[in-house]
Amino acid sequence: QLQLVESGGGLVQPGGSLRLSCAASGARLDRHTIGWFRQAPGKEREGVSCSSPSGAVTHYADSVKGRFTISRNNGENMVYLQLNDLEPDDTAVYYCAASPSYYCAGPLYPFVLVAANFGAWGRGTQVTVSS
């Protein structure tokens, strides 16, 4: 069974950067679509980015497009989310999730990431953006 563990969160000033990591074990990551989600206090969990199993297709929410970059190293069973130019509204717990069947459509399509379609989740890592 696929297990995921996030790391790399922390406190950063506005305009700063962080690199989140998601380590997978128990199954091959190259057979799973990966999604990154976040949940701020008092708000619903929202999709941030997704990556197809090979990593060839990626997609982003409009709120993070141009600032966040998803990548993966399937050989090492790792997924990353690079967060640049961070804003206070980016403060949230960030989760990685995996699905063997969810389709991550490319940027020609509207970004839709449904949490219920992802069966494997990490426990999250806190990102706080504050001066």
Side-chain angles (χ1 to χ4, degrees):
Q1 185 173 355
L2 184 64
Q3 295 182 328
L4 304 171
V5 179
E6 303 93 337
S7 61
L11 173 64
V12 63
Q13 292 185 343
S17 298
L18 285 173
R19 189 194 195 201
L20 307 184
S21 298
C22 175
S25 61
R28 289 179 56 173
L29 203 58
D30 62 357
R31 296 178 178 176
H32 294 79
T33 291
I34 293 296
W36 280 96
F37 295 79
R38 66 185 181 184
Q39 188 166 18
K43 295 186 178 181
E44 293 186 356
R45 190 169 297 189
E46 64 169 343
V48 173
S49 179
C50 64
S51 167
S52 64
S54 69
V57 178
T58 59
H59 207 3
Y60 301 90
D62 286 343
S63 58
V64 306
K65 198 173 296 181
R67 301 188 298 120
F68 291 8
T69 303
I70 189 172
S71 62
R72 60 197 295 164
N73 183 331
N74 284 337
E76 295 187 355
N77 257 19
M78 294 291 297
V79 182
Y80 305 97
L81 187 68
Q82 178 69 39
L83 285 57
N84 294 332
D85 194 21
L86 282 161
E87 304 167 353
D89 283 349
D90 295 319
T91 296
V93 177
Y94 284 71
Y95 301 87
C96 66
S99 170
S101 58
Y102 194 79
Y103 180 65
C104 177
L108 293 180
Y109 300 90
F111 179 77
V112 177
L113 207 61
V114 180
N117 288 321
F118 289 78
W121 290 82
R123 293 187 175 185
T125 185
Q126 176 72 47
V127 171
T128 303
V129 185
S130 175
S131 56

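Of all heavy-atom pairs spanning Thr33 and Pro53, the tightest one is OG1-CD, 3.6 Å. Of all heavy-atom pairs spanning Asn117 and Ser99, the tightest one is O-OG, 3.2 Å. Considering all non-hydrogen atoms of both residues, Ala92 and Ala40 come closest at CB-N, 3.8 Å. Among all heavy-atom pairs drawn from Gly9 and Leu20, the shortest one is N-CD2, 3.7 Å. The nearest pair of heavy atoms linking Ser49 to Leu81 is CB-CD1, 4.3 Å. Contact detail for Pro14 and Ser131: the closest heavy-atom pair is CD-N, 3.7 Å.
Side-chain atoms of Phe68 and Leu86, non-hydrogen and from C-beta on, do get closer than 4.5 Å to each other. Inter-residue side-chain proximity for Val127 and Leu18 is flagged as met; some heavy-atom pair is nearer than 4.5 Å. Within the 4.5 Å cutoff, no side-chain heavy atoms of Val12 are placed close to those of Ser17. Between Cys96 and Leu4 the shortest side-chain heavy-atom distance falls below 4.5 Å. Val64 places a side-chain heavy atom less than 4.5 Å from the side chain of Arg38.
A distance of 15.0 Å separates SG in Cys22 from OH in Tyr94, rounded to the nearest 0.5 Å. Between Arg72 atom CZ and Ile34 atom CD1 the span is 5.0 Å, to the nearest 0.5 Å.
Between the Asn73 side chain and the Met78 main chain, no donor and acceptor come within less than 3.5 Å of each other. Put simply, the side chain of Asp89 never gets that close to the backbone of Val129: no donor and acceptor are under 3.5 Å apart. Side chain of Tyr60 to main chain of Pro107: no donor-acceptor pair is present (N/O by atom type, distance under 3.5 Å, no hydrogens or angles). Checked by atom type and distance alone, the side chain of Arg28 never pairs as donor or acceptor with a backbone atom of Asn74 at under 3.5 Å. Side chain of His59 to main chain of Tyr109: a donor-acceptor pair is present (N/O by atom type, distance under 3.5 Å, no hydrogens or angles).
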side-chain contact (heavy atoms from CB on, under 4.5 Å) for Trp36 and Ser51? Distances and angles first, verdict last.
CA-CA 9 Å; Trp36 280 96; Ser51 167; over 6 Å; no
Determine whether Ser130 and Leu11 satisfy the following criterion, side-chain contact (heavy atoms from CB on, under 4.5 Å), listing intermediate values before the conclusion.
CA-CA 7 Å; Ser130 175; Leu11 173 64; 4.2 Å; yes
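Residues Tyr95 and Ile70 do not share a hydrophobic cluster, defined by chaining ILVMFWY side chains whose heavy atoms lie under 4.5 Å apart. Hydrophobic clustering (ILVMFWY, side-chain heavy atoms < 4.5 Å, transitive): Leu113 and Leu83 are in distinct clusters.
A distance below 6.0 Å separates the ring centres of Trp121 and Phe37. Ring centroid separation for the pair Tyr102 and Phe118 comes in under the 6.0 Å cut-off.
Looking at Glu6 and Arg123, no side-chain N of the basic residue comes within less than 4.0 Å of a carboxylate O on the acidic one, giving no salt bridge.
Atom CD of Gln3 has 12 or fewer neighbouring heavy atoms from other residues, nucleotides or ligands inside a 6.0 Å radius.
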